[in-house]
Amino acid sequence: MSSRISRRMFLKSGLAAAAGVAAGAVPGSRALAAGDDGGYLATLIDIRKCIGCEACVQACRETNAAKFPEPRKPFPKMYPSRVKVSDWSERREVTDRLTPYNWLFIQHAAVKLNGEDTELTIPRRCMHCVNPPCVKLCPWGSAKQLENGISWIDADICLGGSKCKNVCPWDIPQRQTGVGLYLDLLPSLAGNGVMYKCDRCRDRIARGERPACIDACPEEVQSIGPRQDIIAQAHAIAQEIRGYIYGECENGGTGTIYVSPVPFEELNRAITRSDGAPHLQPVADAMADANNLAAAMAAAPVAGIAAAALRALKGRRRGGPADKGKAPGDA
Ligand code: SF4
Ligand code: SF4
Ligand code: SF4
């Protein structure tokens, strides 16, 4: 298929995205099953083509700058003190890992390819899981999934409790302290900021445009389209190069499909791993666990009530002095 998604497809996805927002696609809403097209988007990342230039990283930072946090300082003292401060506001320039100000980074893997030493570079960000535990298990309904498969975190109602990060198989979301509703709600007792991650440029997609990181790439490493087409494309490449696929089955299937000429076990051994630098291991379906499903069902009504209460509170403070210092992306 074409590496460029058609405008018609994007508009269809954009409308679906808008519908998802309007419907408030919160935990408890219908799961988007793998293979259920209906505008469900996925990206293909062909690792062979990436030259590690980081044009995609810069494009992501520029495009999403208005959504980045502007924290109020000094930070409130948290009780219990085990809720750690996470402050990246003085280190916004960091690009070698995920942070609240850097939603995409390039991982490096020194490996052997056809018997020769080589370095492969791998763009890393949210996988946009088909059945995302971050969305299903967020107790406040702040993590949401659109009909087109995009998962995103609503900075208006996120309290920064890190549940999304704790249940994410790749620990993707990153917290910034000193921003968001917790400052007005329970500054010493609840959450500790707002969680941030790639939202697959949902605003651009709603306008019929491709994500900024895809447009900026000089090597056309990424393509985007219906998930079933992206998977077919990945298999065709893998067959041609005798390569390997990651993301088709991980965590029950994701909206990010990698193709590599080197086994992912080898890549996983070669990459540097740390907080903010996710692994490339096989991942079982987190939401297949009956306890998780039960927890999700229990959380859904709480999330709805909490979201409504928080929206009301947000409405009351809008325009007041408390608005000073809020993240520029907040409504
Ligand atoms: S990779 Fe993590 S943050 Fe992204 S959708 Fe999946 S569970 Fe959520
Ligand atoms: S899709 Fe958008 S938000 Fe996500 S990594 Fe690419 S540029 Fe950044
Ligand atoms: S812009 Fe393209 S080639 Fe450059 S690092 Fe990003 S994905 Fe790789």
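Residue numbers run from 1 in the order of the sequence given. Keep in mind the model is a prediction, meaning the values are calculated, not measured. All ligand and atom numbering here is 1-based and tracks the order in the structure.
- In terms of protein heavy-atom proximity, atom 4 (Fe) of ligand 2 is nearest to C198 SG, 2.4 Å.
- Side chains of K197 and I153 form a contact here, defined as non-hydrogen atoms less than 4.5 Å apart.
- I224 places a side-chain heavy atom less than 4.5 Å from the side chain of R200.
- Looking only at heavy atoms of the protein, atom 8 (Fe) of ligand 2 is closest to C60 SG, 2.3 Å.
- Not a single donor-acceptor pair under 3.5 Å links the side chain of N102 to the backbone N or O of E93.
- In P211, the part holding a heavy atom less than 4.0 Å from any atom of ligand 2 is the side chain.
- A 4.5 Å side-chain heavy-atom check between I172 and L98 finds at least one atom pair inside the cut-off.
- Every atom of ligand 1 is numbered from 1 in the order shown, and the set under 4.0 Å from a heavy atom of M127 is 1 (S), 4 (Fe).
- Every atom of ligand 1 with a heavy atom of K197 under 4.0 Å away is listed here by number and element: 3 (S).
- Listed by number with element, the atoms of ligand 2 under 4.0 angstrom from any heavy atom of R125 are 5 (S).
- Against a heavy-atom cut-off of under 4.0 Å, S151 is close to the following atoms of ligand 1: 5 (S).
- Residue contacts with ligand 2 for N64 involve side-chain atoms from C-beta outward but no N, CA, C or O (heavy atoms, distance under 4.0 Å).
- Around atom 4 (Fe) of ligand 3, the protein atoms of type N, O or S that sit closer than 2.8 Å are C53 SG.
- Among protein heavy atoms, the minimum distance from atom 1 (S) of ligand 2 is reached at R200 CA, 3.3 Å.
- Looking at K84 and N192, their side chains never bring a donor and an acceptor atom within 3.5 Å of each other.
- Partner of D87 under the salt bridge (Lys or Arg N to Asp or Glu O under 4.0 Å) criterion, out of K73, R92, R72: K73 alone.
- For ligand 1, the atoms lying closer than 4.0 Å to a non-hydrogen atom of P133 are 7 (S).
- Atoms of ligand 1 lying under 4.0 Å from any heavy atom of P132, numbered from 1 in the order shown and given with element: 5 (S).
- Atom CD of Q239 sits in a sparse spot, with 12 or fewer heavy atoms from other residues, nucleotides or ligands closer than 6.0 Å.
- Close approach to W170 involves these atoms of ligand 1, each under 4.0 Å from a residue heavy atom: 1 (S).
- For residues 267-284, every residue pair satisfying the salt bridge (charged side-chain N to carboxylate O under 4.0 Å, His left out) rule, not counting sequence neighbours, is listed here: R97-D275, K165-D275.
- One N or O on the side chain of Q107 and one on the backbone of P278 form a donor-acceptor pair closer than 3.5 Å.
- For atom 6 (Fe) of ligand 2, the nearest non-hydrogen atom of the protein is C213 SG, 2.3 Å.
- Among all heavy-atom pairs drawn from W88 and R175, the shortest one is CD1-O, 4.0 Å.
- Summarising the geometry, atom CD1 belonging to I122 is positioned 8.5 Å from atom SG belonging to C50; distances are rounded to the nearest 0.5 Å.
- The backbone and the side chain of C129 each have at least one atom closer than 4.0 Å to an atom of ligand 1 (non-hydrogen atoms only).
- L113 places a side-chain heavy atom less than 4.5 Å from the side chain of V262.
- Protein heavy atom at the shortest distance from atom 2 (Fe) of ligand 2 is C201 SG, 2.2 Å.
- For the pairing with D154, the salt bridge (Lys or Arg N to Asp or Glu O under 4.0 Å) check across K144, R202, K67 returns one residue only, K144.
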